[in-house]
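This report refers to the structure that appears directly beneath it.
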Amino acid sequence: MEFETLPGFRDFLPDACSARNSIFDHWRLAAESFNFQEYDAPVLEPLELFIEKSGEEIVGQLFNFTDRGDRSVALRPEMTPTLARLVGARANSLKRPVKWFTIGEHYRYERPQKGRLRAFYQFNADILGESGPGADAELIALLAHTLRSFGLAADDFVIRLSDRNLWWSILAAEDLETEKAIEVLGIIDKMDRMGRERLLEKLADAVGSRAGEVCARIDAVREIRDFAALESMIRSLPLEGASAEALHARVEDWRCLMELLSHLGVGDSVRIDLSIVRGLAYYTGFVFEAFEASGAGRALAGGGRYDDLVQKLGGPAMPAVGFAMGDVTLADLLQEKSIDLEPPAKADFVCVIGGVEEQCFALQDVACLRHLGYRVEYPLKSQNFGKQLKAAVQSGASFALIYGSEEREQGVVRVRDLRTATELVLPREKLASAVSGIIADGIESLTSGD
RNA sequence: GUGGUAGUAGCUCAGUUGGUUAGAGCACCGGAUUGUGAUUCCGGGGGUCGGGGGUUCGAGUCCCCUCUAUCACCCCA
């Protein structure tokens with residue numbers, strides 16, 4: 001009988017596991033440098049939590065089942081509902097702003113393809129309790145900083161920045177009611193993947209004879225790439241009264257956000273691009289997606305503001321903004337760019353042991369060095385010197401500790417630098433005190449000074 | 001959920017118009033070799049040729065189904 005890994009799931013053998021952990025390390029380091037705090041939560045949640053957030057249709061894309069207590073449960077497909085539940089339940093006792101991040105596995109029952117598996121890891125970072133553009137700026141900066149920390153250049157990727165709030169105003173200026181506007185936003189989200197003819201058909205379904213007009217407006221807006229063009233477009237919108245004032249305030253939000261991003265040193269990585277809308281309807285303000293510079297492939301990360309979600313899931317009103325970055329697309333990109341991740345660590349010391357008489361001394365030193373925190377290996381069975389040494393070299397270890405009959409008689413250990421093939425004889429009792437110098441500077445420093 | 005392509009050893013692959021007991025390189029294990037290195041030599045384990053059915057005297061090879069991978073569509077939180 002032979003078992004295979006389930007479709008869309010991965011085994012992580014040491015090389016792959018090390019690369020994966022290296023991604024986690026970069027994520028964690030980046031988040032911590034922005035002073036985000038790490039949290040974690042169960043991978044299994046009530047099914048209802050995800051339905052409440054995303055609608056009944058989501059069930060078809062989940063790993064879900066009924067547990068022995070007759071509860072409908074599902075493996076989490078994303079972190080945001082869980083976070084909203086967590087923060088919502090404690091909203092009144094948490095110091096704001098809440099800046100939290102998490103790294104965890106997520107599960108979606110979908111057909112695997114390039115950049116998309118059924119089990120994948122996501123880095124989620126969110127700021128809750130702050131409604132101003134300062135929070136959006138902080139998150140976008142973290143996103144850019146994270147990608148750069150892998151060694152990606154500023155022009156290897158781009159963060160496309162858009163604004164659902166602004167789209168509402170633009171569509172309102174076209175006299176579209178809420179329902180129609182939602183429909184049109186859905187169309188805008190899919191425009192890139194849609195032929196021109198089909199686009200006009202869809203628009204005609206939504207707004208009737210005004211399709212051509214609306215389409216022209218949308219096209220103009222989607223072409224905007226800088227703040228000046230954005231501002232002049234906004235000022236040209238035929239709105240009056242309260243909605244005009246709101247729009248004016250929105251221009252200031254944009255101005256503020258762009259300035260903050262520039263001061264934070266990530267302005268080069270951000271491009272205004274209102275063709276980003278992002279599928280599901282819970283985003284409320286600025287939204288953004290990171291892509292490889294050419295725009296090819298799946299989004300590296302995506303996020304935006306979701307000011308209503310915490311309340312929708314039963315908590316108090318709580319503004320929020322966040323993003324998620326997956327490991328699969330990221331790893332693909334790093335490989336394309338020939339950026340290597342951390343390989344498995346090698347031993348600091350490997351023992352070469354002559355025989356049973358020497359073994360007891362060797363193992364005492366092994367235990368001592370391990371207590372000091374070094375990676376130490378020794379052969380689990382007796383073998384001749386040549387074989388042991390050969391194995392030691394092939395293992396990639398830095399130093400061999402040689403324990404033979406001569407060394408035992410003299411109470412010494414022979415330290416061999418496996419890279420330079422130089423050796424140093426050291427009284428055993430000095431090993432512990434010499435070891436940090438050996439690791440840091442090699443044995444040459446001791447040979448000359450001792 | 002729909003469609004294209006592919007599947008032979010752990011990995012990369014060869015395998016003739018269908019013809020005897022399916023091969024190579026790399027990797028792995030053992031030995032030459034119980035006091036010093038990636039070389040060399042010798043030996044070894046490994047495969048129901050993804051799985052099932054069919055055609056045939058005979059199938060790794062041809063046909064059908066299925067599984068898996070991959071790419072695209074749908075979807076993309």
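Letters A, B, ... mirror the listed sequences (proteins, then strands); counts begin at 1. Worth knowing before you read on, the calculation uses all heavy atoms, side chains too, and leaves out hydrogens, waters and symmetry mates.
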So does [X] get a side-chain nitrogen or oxygen closer than 4.0 Å to the phosphate oxygens (OP1/OP2) of [N]?
{"X": "Lys381(A)", "N": "G30(B)", "answer": "yes"}
{"X": "Lys190(A)", "N": "C74(B)", "answer": "no"}
{"X": "Arg278(A)", "N": "A77(B)", "answer": "yes"}

Phe123(A): which of Phe36(A), Trp27(A), Trp100(A) passes ring pair (Phe, Tyr, Trp, His ring centres under 6.0 Å):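 Looking at Phe36(A), Trp27(A), Trp100(A), the match for Phe123(A) under the ring pair (Phe, Tyr, Trp, His ring centres under 6.0 Å) is Trp27(A).
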Nearest heavy-atom neighbours spanning Phe323(A) and Leu139(A):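 That closest heavy-atom pairing would be CE2-O, 3.5 Å.
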Determine the interatomic distance between [atom1] on [N] and the same-named atom on [M]; round to the nearest Å.
{"N": "A69(B)", "M": "A27(B)", "atom1": "P", "result": "29 Å"}
{"N": "A24(B)", "M": "G46(B)", "atom1": "C1'", "result": "15 Å"}
{"N": "A6(B)", "M": "G50(B)", "atom1": "P", "result": "14 Å"}

More than 12 heavy atoms from other groups under 6.0 Å of CD on Glu429(A):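 Atom CD in Glu429(A) is packed in, count exceeds 12.
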Intra- and interstrand pairs of RNA chain B - dot-bracket, Watson-Crick/G-U under 3.5 Å, | marks other strand: (((((((..((((.....[...)))).(((((.......))))).....(((((..]....))))))))))))....
Pairwise distance CG(Asp307(A)) to OH(Tyr283(A)) - rounded to 0.5 angstrom: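 Answer rounded to 0.5 Å: 12.0 Å.
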Between A27(B) (C1') and Asp15(A) (CG): distance, integer Å: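 From Asp15(A) CG to A27(B) C1': 13 Å.
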Geometric cation-pi criterion Arg118(A) and Tyr109(A), 6.0 Å radius, 45° cone: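 Yes.
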Partner residues of Arg416(A) under the salt bridge (charged side-chain N to carboxylate O under 4.0 Å, His left out) criterion, sequence neighbours left out: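 Glu423(A).
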Backbone N/O of Gly132(A) and side chain of Glu130(A): donor-acceptor pair under 3.5 Å: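 Pair found, side chain donor or acceptor close to backbone of Gly132(A).
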Side chain Arg111(A) and base U2(B) donor-acceptor under 3.5 Å: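 Checked by distance alone, the answer is yes.
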Sequence-aligned protein contact record of nucleotides 34-44 of chain B, with B where the base is within under 4.0 Å of a protein heavy atom and S where only the sugar-phosphate is: SBBBB------
Among Arg160(A), Arg278(A), Arg298(A), the one residue meeting side-chain hydrogen bond (donor to acceptor under 3.5 Å, both in side chains) with Glu289(A):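 Going through Arg160(A), Arg278(A), Arg298(A) one by one, the side-chain hydrogen bond (donor to acceptor under 3.5 Å, both in side chains) with Glu289(A) is satisfied by Arg278(A) alone.
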